[in-house]
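To start, the structure itself, in structure tokens.
Every chain is numbered from 1 and lettered A, B, ... according to where its sequence line falls, protein lines coming before strand lines. Keep in mind that what you see is a predicted model, and the values were worked out from it rather than measured.
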There are 2 protein chains.
Amino acid sequence: MNNERQPATPNPLLQLENQLCFPLYALSRMITKAYQPLLQELDLTYPQYLVFMLLWEHQELTVKELGEKLLLDSGTLTPLLKRLEQKQWITRRRDPRDERSVIIGLLPAGQALQERACRIPESIAARLNMSKADFETLRRQLNTLLTQLA
Amino acid sequence: MNNERQPATPNPLLQLENQLCFPLYALSRMITKAYQPLLQELDLTYPQYLVFMLLWEHQELTVKELGEKLLLDSGTLTPLLKRLEQKQWITRRRDPRDERSVIIGLLPAGQALQERACRIPESIAARLNMSKADFETLRRQLNTLLTQLA
DNA sequence: TCTAAATTAATTGTACACAATTAAACATTG
DNA sequence: CAATGTTTAATTGTGTACAATTAATTTAGA
């Protein structure tokens, strides 16, 4: 395109490359996209993979707990979990001691996915051309910002 | 929940807190959420705001150029841009020199949004408890990773 | 030139993401 | 114990995201 005409007031604060938000937003999507071919082999989406990472560690979690850990609400989780239930990878049942809560549990097929997922983290790490130290520093910095906003 | 039962093979590589992807994914959403109340006053969503940041700078861009800069495809941009067109904030027209291309232009009402958006970046920066140096370092690191993956 | 290949948007279908509302179950308090 | 308020999921509606396909146009090659 012709970019001859310049804006009346070029405001560097309103330029994409000077923001933190944009590279964060774009990088998040690019990383998700990098997982996609690996997750496709397991018939998983990226948010579904995150749910399983938690279930593989804890076996059982309520929707509320999943939401707290993933910072997602029931409007996102409920349909996602129903899809996983339909595939017979997880169970959804009300907590008999508190009928408001829904407990999500792992079925054997869901548990079995873990073995196949084992290589994914290293495979992604290899793609990121970073030293282990840089990786750790960045991870901690992002987590600090995250707790600051959440 | 009862987390008494432990997994057969607790794999630290498959734990959320050891990933880079998760804080990136969550932080990206949290930052978008931090923009939301500010953008709501302008009747804008976050991706729409990104489109306007580019249009305020360049006046006119094709859908292809917007997609390259934002790393978004036409399946995302076309409906988003049609909504902005309906609000009379932008124009969409075919390039007469290449009828395949669609040129997006700013209408006065869309241009006028810029003045109201001016305070948003500082307002967000104030929320992030970071030094200017840390901000810059992080921004550059994210951009490096971004170009590495894109 | 005429056709095959490439480019560009749009469309279609699936899956998040989240605000707002609803409804059921539980807790609290007078 | 009854009324009120709180917690928890589910539902509804809007708006991204993106893979895959389609259609129109342009470009390049024989």
Below 4.5 Å, heavy atoms only, C-beta onward: do [X] and [Y] meet side chain to side chain?
{"X": "A:Asn143", "Y": "A:Arg140", "result": "no"}
{"X": "A:Gln36", "Y": "A:Leu39", "result": "no"}
{"X": "B:Ile90", "Y": "B:Leu81", "result": "yes"}

[X] side chain to [Y] backbone, donor-acceptor under 3.5 Å:
{"X": "B:Gln148", "Y": "A:Asn129", "value": "yes"}
{"X": "B:Arg94", "Y": "B:Glu99", "value": "yes"}
{"X": "B:Thr137", "Y": "B:Ala133", "value": "yes"}
{"X": "A:Ser131", "Y": "A:Asp134", "value": "yes"}
{"X": "B:Gln19", "Y": "B:Leu13", "value": "yes"}
{"X": "A:Thr32", "Y": "A:Ser28", "value": "yes"}
{"X": "B:Gln48", "Y": "B:Thr45", "value": "yes"}

What bend angle does the helix from C:dT1-D:dA30 to C:dG30-D:dC1 show across its length, from five-pair end axes and to the nearest 10 degrees? 10°
Between [N] ([atom2]) and [X] ([atom1]): distance, integer Å:
{"X": "A:Leu80", "N": "C:dC16", "atom1": "CG", "atom2": "P", "result": "4 Å"}
{"X": "A:Leu72", "N": "C:dC16", "atom1": "CG", "atom2": "P", "result": "10 Å"}
{"X": "A:Gln48", "N": "C:dT14", "atom1": "CD", "atom2": "P", "result": "14 Å"}
{"X": "A:Asp98", "N": "C:dA27", "atom1": "CG", "atom2": "P", "result": "6 Å"}
{"X": "A:Leu77", "N": "C:dC18", "atom1": "CG", "atom2": "C1'", "result": "11 Å"}

Could you tell me whether B:Arg29 sits above the aromatic face of B:Tyr25, with NZ or CZ closer than 6.0 angstrom to the six-membered ring centre and within 45 degrees of the axis? yes
DNA chain D nearest-nucleotide lookup for B:Thr45 and A:Gln40: closer to the 5′ end is B:Thr45
Residue whose nearest DNA chain D nucleotide is more 5′ - A:Glu68 or A:Lys82: A:Glu68
Mind checking if A:Ser101 touches a base, just sugar-phosphate, or nothing, with heavy atoms under 4.0 Å? sugar-phosphate
So, with a heavy-atom separation below 4.0 Å from DNA chain C, the residues of residues 16-38 of chain A are none
Of the residues in residues 84-94 of chain A, which ones touch DNA chain C at a heavy-atom distance under 4.0 Å? none
Check this for me, if you would: do B:Glu136 and B:Lys132 make a salt bridge, where the nitrogen-to-carboxylate-oxygen distance has to be below 4.0 angstrom? no
Between B:Arg92 and B:Glu85, is the closest basic N to carboxylate O distance under 4.0 Å? yes
Between the protein and nucleotides 2-7 of chain C, which nitrogen or oxygen pairs come in under 3.5 angstrom?
from, atom 1, to, atom 2, distance (Å)
C:dT7, O2, B:Arg100, NH1, 2.8

5'-most by nearest nucleotide on DNA chain C - A:Asp73 or B:Gly75: B:Gly75
A:Leu106 side, atom CG; A:Trp89 side, atom CH2 - distance, nearest 0.5 Å: 12.0 Å
Would you give the length of the straight line joining atom CZ of B:Arg127 to atom CE of B:Met30, rounded to the nearest 0.5 angstrom? 12.0 Å
Nucleotide range of DNA chain D lying under 4.0 Å from chain B heavy atoms: D:dG15 to D:dT26
Can you list everything that forms a side-chain hydrogen bond (donor to acceptor under 3.5 Å, both in side chains) with B:Arg100? Sequence neighbours excluded, please. B:Asp98
